[in-house]
Amino acid sequence: MTSTPARAGFRLLVTGQGLSWFGDAFGPIALAVAVLAGGGSATELGLVLAVTMAARLACTLVGGVWADRLAPARIMVVSDLVRAASTLGTAAYFATGQDRPLALCALAAATGGAAAFFGPAFTSLRPLLVPASRRHAANATLNILQNAAFIAGPASAGVFVAWAGAPWAFVLNAVSFLVSAATVAAIRVDAPRAERTGMLAELREGWREVTSRSWLLAGLLAATAYHAAFGAVVVLVDVIALRDLGGPTSLGWISAASGAGGLLGGLVALRLPPSRPLLVGWPCVALMAVYAAAFAWPGTLPAVVVAGAVGFGGLMYFSVCWDTALQDGVPHRVLARVASWDILTSFVAIPAGNALAGPLSHAVGTRRVILTAAVVMALASFAPMLVRGSRDLVRAGAEPAPVPVGVAVSQ
């Protein structure tokens, strides 16, 4: 059973992260406006974003090790405080009219590096706050909250930046990190820790845990291919929408439908938890291939809007199933390290797909590239189903399948 303090801790986590996710939506919009409206170029903006991502790449695995070494809540609090400080520094940078790109990149690196520590620790903390039978529902609740914040946040951020200016949007984002730190610091839960054997040894142990589970290794390999293709799709859908589907208004409709679909997917996951999360989850994520293909055929805005809602609904349903599978199928002492490997595959593959989208579309055409990406996404989604471990993994607390009469069960 999970203790009353732990249940109270989950409520604190939900409150703090909901506000933090809402505040996170202000950062990217404030950065784009501050750089470009302040006379900076798209190259400067891209450099800052690249530095942020590079810092996350460099620190993700280290963050996983430390989240297994220390109480995950402690790592999350420190990460939030570092991000609050770097975000306030960014606000001061733009408020005072600075023109030192290296200083801005240093602030971006601090923000990205701290975020790399937060992610694995967040994954490690969640299963400590709910009973095993409620993990799927808890993951669905957080998923719904995150999607709601990502729907409401950008629109609110645009209005706020236009009214108060980009520096104050950074201040609000920093305050959201402080709120997150305060709520996480108030959580009281026992967190068994892994033995320290050295950074490299602990990293290798985390990778051994991945390779020793067929469903997990197959999932990470499939996710790498999937995210590389998805990275190309992310770029090309904007190009096609602006060029062929009606311009910025079409992007708004597609974004709204995708957000609503993701929210619906989380709600369905909350109401319909599968007993075999990966058996159901992997086919759901394949629906994103339908979304990508809809830009090439039939290539109409109504079809893309519907496909976006369906595809992102399937993606969010899978996300809940995958998080639950990790929490149920991986020992907690190595969960953060395994999560860091999971996060790293996405961070590496998506930028690669982003970078390849333009050259490939110039070489063979946008339609061919996005259709090829859709095929890769579909194949990557179904490939893990060839592994028996993916089909057989059972959610903790799920009712076992009935055994037919007359069939002996081996122990």
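Just so it is clear, the model here is predicted, and its values are computed rather than measured. We count residues from 1, following the sequence as given. The basis for the numbers below is simple: all heavy atoms, side chains too, and nothing from hydrogens, waters or symmetry mates.
In this structure the side chain of Arg213 never reaches within 4.5 angstrom of the side chain of Val338, judged on heavy atoms. Side-chain contact check for Thr366 versus Phe295: every heavy-atom pair is 4.5 Å or farther apart. Looking only at side-chain heavy atoms (C-beta outward), Ile144 and Leu270 come within less than 4.5 Å of each other. The closest side-chain heavy-atom distance from Leu47 to Cys105 is below 4.5 Å. For the pair Phe122/Leu13, a side-chain contact is recorded, criterion being any heavy-atom separation below 4.5 Å from C-beta on. At a threshold of 4.5 Å between non-hydrogen side-chain atoms, the residues Val304 and Tyr291 count as touching. Within the 4.5 Å cutoff, the side chain of Phe22 has heavy atoms near those of the Ser156 side chain. Within the 4.5 Å cutoff, the side chain of Phe177 has heavy atoms near those of the Ser20 side chain.
Within 6.0 Å of the CH2 atom in Trp207, the count of heavy atoms belonging to other residues, nucleotides or ligands exceeds 12. A 6.0 Å sphere centred on CZ of Arg388 holds no more than 12 heavy atoms belonging to other residues, nucleotides or ligands. Atom CZ of Arg368 has 12 or fewer heavy atoms from other residues, nucleotides or ligands within 6.0 Å.
The distance from the CZ atom of Arg196 to the CG atom of Asp68 is 11.5 Å, given to the nearest 0.5 Å. Note: Gln17 CD to Leu19 CG = 9.0 Å, rounded to the nearest 0.5 Å. With values rounded to the nearest 0.5 angstrom, Leu88 atom CG is found 7.0 Å from Leu178 atom CG. Interatomic distance, Arg11 CZ to Thr183 OG1, rounded to the nearest 0.5 Å: 13.5 Å. Note that OG1 of Thr90 is 4.5 Å distant from CG of Leu107, once rounded to the nearest 0.5 Å. With rounding to the nearest 0.5 angstrom, the CE atom of Met377 is 5.0 Å from the CE atom of Met288.
Residues Pro72 and Leu128 share a closest heavy-atom pair of CG-CD1, 4.3 Å. Counting all heavy atoms, side chain and backbone alike, Ala294 lies closest to Ala303 at CB-O, 4.3 Å. Scanning all heavy atoms of the two residues, the minimum distance from Arg367 to Ala296 falls at NE-O, 3.4 Å. When all heavy atoms are compared, the tightest approach of Gly18 to Ala149 is O-CB, 4.2 Å. Heavy-atom minimum distance, Met76 versus Val184: CE-CG2, 3.8 Å. For the pair Gly112 and Ala55, the tightest heavy-atom approach, listed with the atom from each and the gap, is C-CB, 4.1 Å.
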message: Could you walk me through whether Ile350 and Met53 satisfy the side-chain contact (heavy atoms from CB on, under 4.5 Å) test, starting with their C-alpha distance in whole Å, then the side-chain angles of each, then the deciding distance to 0.1 Å, before giving a yes or no?
response: CA-CA 11 Å; Ile350 289 178; Met53 180 60 71; over 6 Å; no

*Yes or no on side-chain contact (heavy atoms from CB on, under 4.5 Å) for Leu61 and Trp341, after CA distance, side-chain angles and deciding distance?*
CA-CA 7 Å; Leu61 295 181; Trp341 283 108; 3.7 Å; yes

Item to complete: Any chance you could lay out the side-chain contact (heavy atoms from CB on, under 4.5 Å) test for Ile187 and Leu125, step after step, and finish with the verdict?
Response: CA-CA 10 Å; Ile187 294 173; Leu125 178 64; 4.2 Å; yes

side-chain contact (heavy atoms from CB on, under 4.5 Å) for Val78 and Phe117? Distances and angles first, verdict last.
CA-CA 9 Å; Val78 173; Phe117 281 77; over 6 Å; no

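The aromatic rings of His227 and Phe230 stand perpendicular to each other, their planes meeting at an angle above 60°, with 30° marking the opposite boundary.
For the side-chain hydrogen bond (donor to acceptor under 3.5 Å, both in side chains) with Ser180, the lone residue among Asp80, Asp24, Thr15 that qualifies is Asp80. Just one residue in the list Ile240, Leu360, Val235 forms a side chain to side chain contact (heavy atoms under 4.5 Å, CB included) with Ile370, and that residue is Ile240.
The main-chain N or O of Thr324 is never found under 3.5 Å from a side-chain atom of Arg395 such that the two would form a donor-acceptor pair. Checking side-chain atoms of Arg337 against main-chain N and O of Val65 turns up no donor-acceptor pair under 3.5 Å. Within the 3.5 Å criterion, the main-chain N or O of Arg100 finds a donor-acceptor partner in the side chain of Tyr93. Put simply, the side chain of Ser250 gets close to the backbone of Ala241: a donor and an acceptor are under 3.5 Å apart. Side-chain atoms of Arg276 come within 3.5 Å of backbone N or O of Asp392 as a donor-acceptor pair. The closest donor-acceptor contact from the side chain of His332 to the backbone of Ser124 lies under 3.5 Å. Ser79 places a side-chain N or O within 3.5 Å of a backbone atom of Ala114 that can act as its donor or acceptor partner. Looking at Gln98, its side chain never comes within 3.5 Å of a backbone N or O of Phe94 through a donor-acceptor pair. The backbone N or O of Leu315 sits nowhere less than 3.5 Å from a side-chain atom of Ser319 that would complete a donor-acceptor pair. Side-chain atoms of Thr123 come within 3.5 Å of backbone N or O of Gly119 as a donor-acceptor pair.
A donor-acceptor contact under 3.5 angstrom links the side chains of Asn143 and Asn147, judged on distance only. Residues Asn173 and Thr87 have side chains that never bring a donor and an acceptor to within less than 3.5 angstrom of each other.
In this structure, Arg69 forms a cation-pi arrangement with Trp66, its terminal cationic atom sitting closer than 6.0 Å to the ring centre and no more than 45° off the ring axis.
Taking the ring centroids of Trp282 and Phe318, they lie under the 6.0 Å cut-off.
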